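Quick notes on the structure that follows.
The structure displayed is predicted, hence computed values, not measured ones. Ligands are counted one by one from 1 in listed order, and the atoms in each one are counted from 1 as well.
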Amino acid sequence: MEKKVDKEIISDSLEIKLWNKDKINKKSGLWFIQFITLLKKNITLQLRYWKTALLLSVISPLLSMVLVKVFIILNGNEVGVGKGVYHPPEYSLSGIEDCVGPTDKQDKCINLMFTNCIDNAICERDPTVDEIISNFVQTNNDRMNIKWESDSNKWDNWENDKLNYNIEKKYDVVHVPNSDFIYNYALNHQNITNFGIVFDVKKEANITNYRYQLWFNSTSNYNNTDIFGSRLASVARGIDEAIIKYANGDSNIRPQLGINLKDFPIPPLNGYEDVVVATCGPMVFFCVSMTIFINILSTVVSEKESKIRFSMEMMGLKQSVYWLSWIVIYVIYFFLNTIFTILFGKLFGYSCFTNTNFFVLLLTYFLFGLAMGAIAIFITTFVNKSKTAVLIGISILIIGFLFQSVLFTDSYLTYIWWSDKVPQYIRKLFSIFIPFFNFGKLYVDINYLSSNTYNYITNTVVKGKGFHWNDLSVKQGDELSYVLNLEHMEPTSHALYYMLGNIVMYLVLTIYFDNIISNEYGNRKPIYYFLLPSYWFNSNKDINNRDWLLKTQKKYPSKINIEELDDDVQDHYKYTYNPENNDPVKVINLRKVYGRGLKKKVAVRNSCLSIGKNKVVALLGQNGAGKSTTMNIISGLSPPTKGDILVCNKSVRKNPSAVQSELGICPQHDILYKDLSAMEHLRLYSGIKGIKNCPELEEILINRLKAVQLYTVKDARAGTYSGGMKRRLSMIIATIGDPNVILLDEPTTGMDPVNRRYVWRFIEEFKKDRCVLLTTHSMEEADALGDDIVIMSKGTIKAIGNSVHLKNKFGNGYRISVLVDVENLKAFKLIAKNMVPGIHLADDSAGALIYDFNEEQLNYISEFVKYLDENPDGYVNTWGMSQTTLEEVFLYVIHSDSNRKFKEE
Ligand SMILES: Nc1ncnc2c1ncn2[C@@H]1O[C@H](COP(=O)(O)OP(=O)(O)OP(=O)(O)O)[C@@H](O)[C@H]1O
């Protein structure tokens with residue numbers, strides 16, 4: 001009986017165009033073809049996600065600049081003059097420090113201004129206030145670091161200069177006309193006045209109240225965190241004591257104790273932007289790189305999560321190609337991001353961009369981006385879920401943000417960090433492992449030199465010296481080393497070297513962990529894999545079939561008693577074991593155990609299977625029978641626990657990648673990029689197989705798409721396909737490069753009957769010269785396609801043989817029933833006996849004859865049917881034919897096994 005699907009169901013003929021195998025590059029050029037193909041795929045996808053691409057390369061740098069601008073506008077007044085530009089001198093925690101001018105000329109400053117006139121009032125100088133200040137000076141001279149000038153006449157000297165604000169010397173204590181004067185003076189002479197005291201002396205009846213307000217410079221170069229600390233307290237206490245001393249027991253004179261503080265005004269923003277840029281920059285620009293960082297995590301991990309990466313690896317994709325294809329894309333992103341950051345920085349006029357050498361900026365931002373990118377790629381080796389990846393990305397963003405804000409903005413902690421009390425090795429450790437430390441250091445150093453400063457004497461913005469290329473190598477002892485705070489720090493250039501080191505280190509770790517961390521199928525290399533010669537010199541040489549068969553049987557002896565198996569299965573096992581067996585696929589004593597202890601699950605038990613050329617073997621079994629596991633092991637995706645598989649003389653254990661190059665795989669679940677079309681998928685997998693893009697390739701691909709009715713949607717994105725269309729595309733992908741062995745895991749699931757038949761016809765045609773292993777839950781499909789049908793149950797092969805054989809063995813095979821008049825019964829039986837030797841009469845009651853045909857008698861069926869149809873003797877009243885279905889056979893085999901526990905050691 002012929003079983004030709006295409007002839008029965010699809011009448012039009014199918015001509016499958018095949019590849020010229022000589023044009024498939026399997027050796028030296030393979031790497032390059034794979035690389036170009038993957039790069040094309042990545043670029044195509046990035047262009048499809050152009051909004052994200054634009055965000056990562058252009059919009060995020062632009063947003064960062066806008067954000068800094070917003071900071072400038074919103075927080076400008078909060079930001080102290082000199083923040084991030086000056087380093088604080090060492091200060092003592094007690095007493096009042098001598099005032100320090102804005103530049104190194106220390107003589108242009110005033111320690112204390114005082115007045116007894118409020119606002120713009122022009123009033124008499126109050127001698128009692130003079131006396132109080134005099135008391136204050138005398139009492140505090142010894143206590144404090146400053147030697148106050150105690151001769152009040154000298155205080156007045158300043159009066160002569162007061163209209164000329166460009167005072168050139170240091171004044172300890174000066175009397176000024178009113179509080180508005182203090183305000184204006186402080187406004188125009190930032191950082192050169194330590195304190196102002198405005199006395200409010202009021203007489204009420206007989207009582208004189210001495211209130212005063214203490215003005216101070218919270219933004220001076222002094223430690224501004226000490227605002228409410230000892231400096232102010234010391235002054236306030238000193239003034240209180242001075243008033244009490246003046247009162248000298250007179251209860252009518254009342255000082256108002258308690259501090260009434262007022263900060264000096266800050267001039268409107270004008271040239272102070274750099275302060276904000278220097279302060280917020282490390283955080284904001286860090287976040288710009290982090291957008292790409294998070295994108296890497298989510299993109300690479302989703303490719304892993306959706307199993308697309310496995311699917312490409314199964315088709316022979318090299319690990320180095322995979323990583324490099326992504327690295328190139330992200331190098332481009334980081335480069336564009338850097339260029340636009342610099343460009344926008346310049347456009348916004350921030351001096352750390354306008355006043356810094358272009359290549360210093362380029363290296364700083366670019367290397368930082370790459371170093372963070374390397375960390376992102378490294379993290380992807382540990383994470384399998386894209387949601388987790390994004391979560392990790394955001395956590396690192398927050399940690400890095402805090403890190404930048406704590407260590408590199410001008411806060412109290414910064415001084416601890418830069419202080420020589422931080423051991424050098426701690427800094428080195430941070431530098432080696434954390435790129436954002438190196439970025440912060442570079443950023444701060446760049447700002448030290450590039451930021452503009454404000455000249456408080458001339459009221460002008462002084463352009464920063466600028467950060468030049470040579471400044472990278474300023475070292476301890478050099479002129480600029482104080483400005484760059486290098487007394488106990490490494491030169492700025494070292495931060496760049498560390499970032500280069502970060503990149504190399506994290507990429508090497510990525511390759512290492514990518515190999516040793518097991519995938520979800522438990523496949524991984526040993527931790528010392530790089531020491532194995534096989535890793536470096538992977539030989540694709542064919543294994544001697546006979547030797548392998550003998551060795552494997554010895555090394556992995558069967559754990560089950562073969563005699564207990566079904567006869568056919570026993571025969572098949574013996575055939576598989578036979579050293580002369582030359583079939584392309586041989587599975588020997590395959591065993592797969594998942595988990596350990598109580599969670600141990602034996603998925604495949606000592607299976608043996610041999611698949612010959614030109615054959616489709618249909619693997620049937622209930623859910624969980626071990627079909628996919630068998631497929632996964634053959635495809636090298638999952639390692640066998642025991643046993644081995646030889647595919648075209650290559651061992652799955654020894655050289656899974658060589659096995660993969662012989663295979664075409666259609667996995668159980670569609671593994672497709674939703675944003676690539678059918679043609680793009682086929683070109684991608686062709687490249688992975690080493691086939692160059694050429695007109696011949698296009699012709700073959702179109703031919704295959706036409707064969708499974710996908711030609712009309714060849715340019716539509718796979719995300720828009722129906723389930724059946726995706727299956728057909730996955731099936732066609734498996735045939736790329738015309739591999740010798742094709743593994744099809746439930747290829748027609750969810751397909752309508754018409755399209756299913758197109759696929760059957762294709763498989764039937766395509767199996768020529770190669771072998772196909774197919775798993776399916778469709779008995780119709782197994783019947784139509786399977787040259788051999790293997791029924792698995794609980795990890796064991798229970799039955800094997802062609803469809804007719806199985807039907808005969810486990811069912812009734814073909815059955816013909818004939819209704820004959822009683823008087824013709826004898827004559828008819830004789831004719832039947834003559835036509836079909838050994839025909840078996842299963843039933844004979846009341847002229848209703850039932851004949852069963854076994855395998856040997858199948859050839860006689862057509863002649864017998866012809867006789868019944870034509871009815872030349874007139875004996876036959878009516879007749880009918882039926883056949884045991886494969887489903888009945890399957891159910892029979894499974895049920896007979898269901899209560900049986902397999903005996904094994
Ligand atoms: N990664 C895994 N970890 C643990 N157990 C697994 C794993 N993969 C499969 N198994 C178990 O191994 C057994 C065989 O699974 P397998 O997927 O091979 O069955 P199958 O015959 O392909 O089933 P289906 O028809 O549903 O695809 C099942 O009991 C399954 O739970």
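Side-chain N/O atoms of Glu887 and Tyr892 include no donor and acceptor closer than 3.5 Å. Residues Asn632 and Ser638 have side chains that never bring a donor and an acceptor to within less than 3.5 angstrom of each other. Ser628 and Gln668 share a donor-acceptor pair across their side chains, judged by distance under 3.5 Å alone.
Shown here for Val593 and Thr641, the closest heavy-atom pair between the two residues is N-OG1, 2.8 Å.
Considering only heavy atoms from C-beta on, Gln553 comes within 4.5 Å of Ile588 through its side chain.
Residue Thr630 has no nitrogen or oxygen atom sitting less than 3.5 Å from a nitrogen or oxygen atom of ligand 1, judged on distance alone. Of the N or O atoms in Ala603, none lie within a sub-3.5 Å distance of an N or O in ligand 1. Polar contact check, Gly621 against ligand 1: no nitrogen or oxygen pair lies under 3.5 Å apart.
Short contacts between ligand 1 and Ser628, defined as distances under 4.0 Å to a heavy atom of the residue, involve ligand atoms 17 (O), 18 (O), 20 (P), 22 (O), 27 (O). Distances below 4.0 Å separate heavy atoms of Asn623 from the following atoms of ligand 1: 23 (O), 24 (P), 25 (O), 26 (O). Listed by number with element, the atoms of ligand 1 under 4.0 Å from a non-hydrogen atom of His777 are 25 (O). Every atom of ligand 1 with a heavy atom of Gly626 under 4.0 Å away is listed here by number and element: 14 (C), 18 (O), 19 (O), 20 (P), 21 (O). Residue contact check: Ala625 has heavy atoms under 4.0 Å from atoms 19 (O), 20 (P), 21 (O) of ligand 1. When each atom of ligand 1 is checked for a heavy atom of Thr629 under 4.0 Å away, the hits are 14 (C), 15 (O), 16 (P), 18 (O). When each atom of ligand 1 is checked for a heavy atom of Glu746 under 4.0 Å away, the hits are 25 (O), 27 (O). Counting atoms of ligand 1 from 1 in the listed order, those under 4.0 Å from a heavy atom of Gln668 are 27 (O).
Taking the six-membered ring for Trp and the full ring otherwise, the centers of Tyr529 and Tyr512 sit less than 6.0 Å from each other.
When Arg727, Arg728, Lys307 are each tested for a salt bridge (Lys or Arg N to Asp or Glu O under 4.0 Å) with Asp670, only one passes: Arg727.
Of all the heavy atoms of Lys627, the ones lying under 4.0 Å from any atom of ligand 1 are found in both the backbone and the side chain. Counting heavy atoms under 4.0 Å from ligand 1, residue Gln622 touches it through the backbone alone.
A salt bridge links Lys809 to Asp568: one of the charged nitrogens lies within less than 4.0 Å of a carboxylate oxygen. Ionic pairing of Glu746 and Lys627 is not present here: no N-O contact between side-chain nitrogen and carboxylate oxygen is shorter than 4.0 angstrom.
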